[in-house]
Amino acid sequence: MDSLLYSAPLAGIIGLVFAWYLVLYILKLDAGSDRMKEIASAIQEGAMAYLNRQYKTIAIIAVILTIVIAVAINKETAIGFVLGALMSAAAGYLGMNISVRSNVRCANAAKEGLQKALKVAFRGGAVTGISVASLALLGVSGLYIAFGGEADAVDKIVGFGFGASLISLFARIGGGIYTKAADVGTDLVGKVEAGIPEDDPRNPGVIADNVGDNVGDCAGMAADLFETYAVTALGAMLIGVTVLKIFPNAVTYPLVLGAAAIIASIIGTFFVKLGKSGDIMGAMYKGAIAAGVISIILFYIITQQMMGGNTGLFISALAGLGVMAAIIIITEYYTATTHAPVKDIANASVTGPGTNIITGLAVGLQSTALPVLVICAGILISFLAVGGMSNPVLGLYGIAIAAAAMLSVTGIIISIDSYGPITDNAGGIAEMAELPKEVRDVTDPLDAVGNTTKAVTKGYAIGSAALGALALYAAYNSEINKLLGPGNTLELRLSDPTVLVGLLIGGMIPFLFASFLMKAVGRAASTIVTEIRRQFKEIPGIMEGKAKPDYGRCVDIVTIAAQKEMVVPGLLAVLSPLVVGFILGPAALGGLLIGVIISGLMLALMMTTGGAAWDNAKKYIEAGNLGGKRLPDGSKNPTHAAAVVGDTVGDPTKDTAGPAINPLIKVMNIVAILFAALILKYSLLG
């Protein structure tokens, strides 16, 4: 066992200690007035109640799967599955807990200006970011060491990846349905029908909306990237087993890269400072750039020490970081209010919601091109850099290292993402607590940037999923070939009808999956719309501010709806590879995995980027462009109303269906790896 392997769990522990230091910093800050604390407490109570109910629902499925894995595979894999699920849930809990405490402190800090509020929001987000990366690395490396730290230990920790993937999938689905049902329902009645501002305390759905920001964009993203980090590292380790004769440290190398990047991410958080220009996005990019540069230096040293200074592997790692940087830049271009795509959608709103929808769809479709080309470049560079043309298995290892390097800086990336729901809630608390306009003048620009940061990190998560899933598919292929024995290989030929059927089913599943989620949001939003209309009608004095709405009723309605709606899409992800594998065989399952990777990547990029562009087009108009919210005579601006309709369409695409495709892809791949031996043995047509 290479001694550097122990740097991985050590870095995980250091990361958790640093996160605790940030927690203490946040909790020492003043939470503001009694009214602010009351609002924040309601958000916190609703968020934690939702998360508790969600995990109780998932626990039933997890217990059944644990028994199946223990009986059908082995107890070690079952232990890994339970540990992966528990640590993924812990990442979500931790992120949620500090997010709902940072929001009110950010709102209070806004009284002192932009710099202080930014510091509070980012450090609150950094708790989630650093914790997620640290827990994932600690879990994978700790379990690997516990199982002996040798090549045969890697197969035993596949269960860890499945446990993390399962929690991630349900957290993304349930949290996404909750947040967008609450958001869409609240906006449709409040903004469009009643003509009251966003986060107005007279709106019965406003607390549910603020809860949703946390369960979707904080807990959901935390579980998502915990799983992405873990299974990508696992994929690289599985492929590393196949090249041990060339690189004896191939299995531990991706773990040590992750350890270095956690330290780099911690250092990067101290570079997030607002400059004289007041550029909020630029301030956070300083931290990401610092973490990236430090990671590159450490990657070079590690490659020299562990891999004999192999230039190709270092180039592969650089390619992964390059893909990350390029996707962030591209996503910001398509989603920031300062660039043409968002302005095009806003300008299209002048002629009504129809042209807004058409232009938004066009932007979403177009936004897939550049990220896909960047990912293709990263795949080819990392494959060729290690001599993949002469040794394809080594080339696949290069791709896996690129994916691991891209995911290694997850800590700083999630920190930037989790900043978003904190500032969003801070603005809501400021509005509901009726704080001075000067406070909203600070929280509003922070929130506007937060919408872009959330879009950027979703693009990062999806791009990393593509590289990570490719590594997982290669691991599945390698596992089948190992089971087939010497001289036998799994071949996917389009002339084989089972392979073609697998490809087509795999290509279809992300669309069916997204359909389930979009319908779920629509149904749940309808219940909220009905409830808010009822309260406006039956509770006298709400609009005059003389009566208090029943916020808790809306929270309960959307919580129940989200739990009910998340089960079927989740089971689709888990069962579809098993059904195809056991009926049509391992070759058809290989086709299924390729199909879901390709169509899932395209659909997820289109939905998340297009949805964020729709959202920011609305915010661009609300900032005073194209007439703003209201015309000079005080009447509603139809341009803004059209943009609200576009945002209503974009919300479930960017925050529910699109991001959930990311764990869908990886769950299907990890299930295939986990049950490969049984599928090969018992498939009907294999």
Side-chain angles (χ1 to χ4, degrees), residues 179-180 183-184 186-188 190-192 195 197-199 209 213 216-217 280-281 328-371 420 423-424 427 443-459 518 521 525 604-631 636-659:
T179 183
K180 288 305 106 177
D183 190 6
V184 169
T186 302
D187 279 358
L188 281 177
K191 286 184 179 180
V192 179
E198 187 172 3
D199 297 317
D209 187 10
D213 292 330
D217 286 324
I280 301 168
M281 197 74 187
I328 287 174
I329 292 168
I330 293 165
T331 307
E332 185 189 351
Y333 170 74
Y334 277 102
T335 58
T337 56
T338 52
H339 299 301
V342 167
K343 291 180 180 179
D344 287 345
I345 298 172
N347 289 328
S349 305
V350 174
T351 50
T355 45
N356 170 288
I357 298 295
I358 291 168
T359 307
L361 283 172
V363 168
L365 291 166
Q366 185 190 95
S367 69
T368 63
L370 289 177
T423 57
D424 195 347
T443 59
D444 283 352
L446 288 172
D447 181 24
V449 170
N451 200 51
T452 300
T453 65
K454 288 184 286 185
V456 163
T457 47
K458 286 184 179 80
M518 295 291 283
V521 171
L605 285 171
M606 178 261 182
M607 296 184 101
T608 54
T609 309
W614 259 314
D615 193 348
N616 271 350
K618 178 199 68 175
K619 284 184 166 58
Y620 176 77
I621 294 169
E622 289 176 346
N625 299 292
L626 301 173
K629 291 183 181 180
R630 292 189 176 272
L631 299 176
K636 298 177 186 177
N637 181 3
T639 300
H640 176 250
V644 171
V645 174
D647 178 38
T648 303
V649 175
D651 268 342
T653 69
K654 74 180 177 67
D655 289 329
T656 307

Rounded to the nearest 0.5 Å, the CG atom of D209 sits from the OG1 atom of T179 at a distance of 6.5 Å
Is the shortest heavy-atom distance from the side chain of K629 to the side chain of N637 under 4.5 Å? no
Output the distance between atom CD1 (I621) and atom OG1 (T337), rounded to the nearest 0.5 Å. 11.5 Å
Closest non-hydrogen atom pair, M607 against G658: CB-CA, 3.9 Å
Any non-hydrogen side-chain atom of T656 less than 4.5 Å from a side-chain atom of M518? no
Under the side chain to side chain contact (heavy atoms under 4.5 Å, CB included) test, which residues partner A617, sequence neighbours left out? V342, I345, A346
Can you measure from CG (N625) to NE2 (H640) and round to the nearest 0.5 angstrom? 12.0 Å
Mind checking the OH-OG1 spacing from Y334 to T608? Nearest 0.5 Å is all I need. 12.5 Å
Who are the side chain to side chain donor-acceptor pair (under 3.5 Å) partners of S349, not counting sequence neighbours? N356
Give, for atom OG1 of T338 and atom CD of E332, the distance between the pair rounded to the nearest 0.5 Å. 6.5 Å
Taking all non-hydrogen atoms of both residues, which atom of Y333 and which atom of H339 are closest, and how far apart? O-CB, 3.2 Å
Which atom pair, heavy atoms only, marks the closest approach of T335 to T609? CG2-O, 3.7 Å
Tell me, please, which residues at least two apart from T351 pass side chain to side chain contact (heavy atoms under 4.5 Å, CB included). T355
P371 to S367 - nearest heavy-atom pair and separation: CD-O, 3.0 Å
If every non-hydrogen atom of A525 is compared with every non-hydrogen atom of V184, which pair is closest and at what distance? CB-CG1, 4.1 Å
Between Y620 and L626 the two heavy atoms that sit nearest each other are CE2-CD1, 4.4 Å
From T423 atom OG1 to D444 atom CG, the distance as rounded to the nearest 0.5 Å: 10.0 Å
Residues in side chain to side chain contact (heavy atoms under 4.5 Å, CB included) contact with P445, at least two apart in sequence or another chain: I280
Contacts of D183 meeting side chain to side chain donor-acceptor pair (under 3.5 Å) (sequence neighbours excluded), chain-then-number -> K180
Among T359, I357, T648, side-chain contact (heavy atoms from CB on, under 4.5 Å) partner for W614: I357
Tell me every residue that passes side chain to side chain contact (heavy atoms under 4.5 Å, CB included) with D615, counting only those two or more places apart in sequence or in another chain. N451, K618, K619, D647, D651, K654
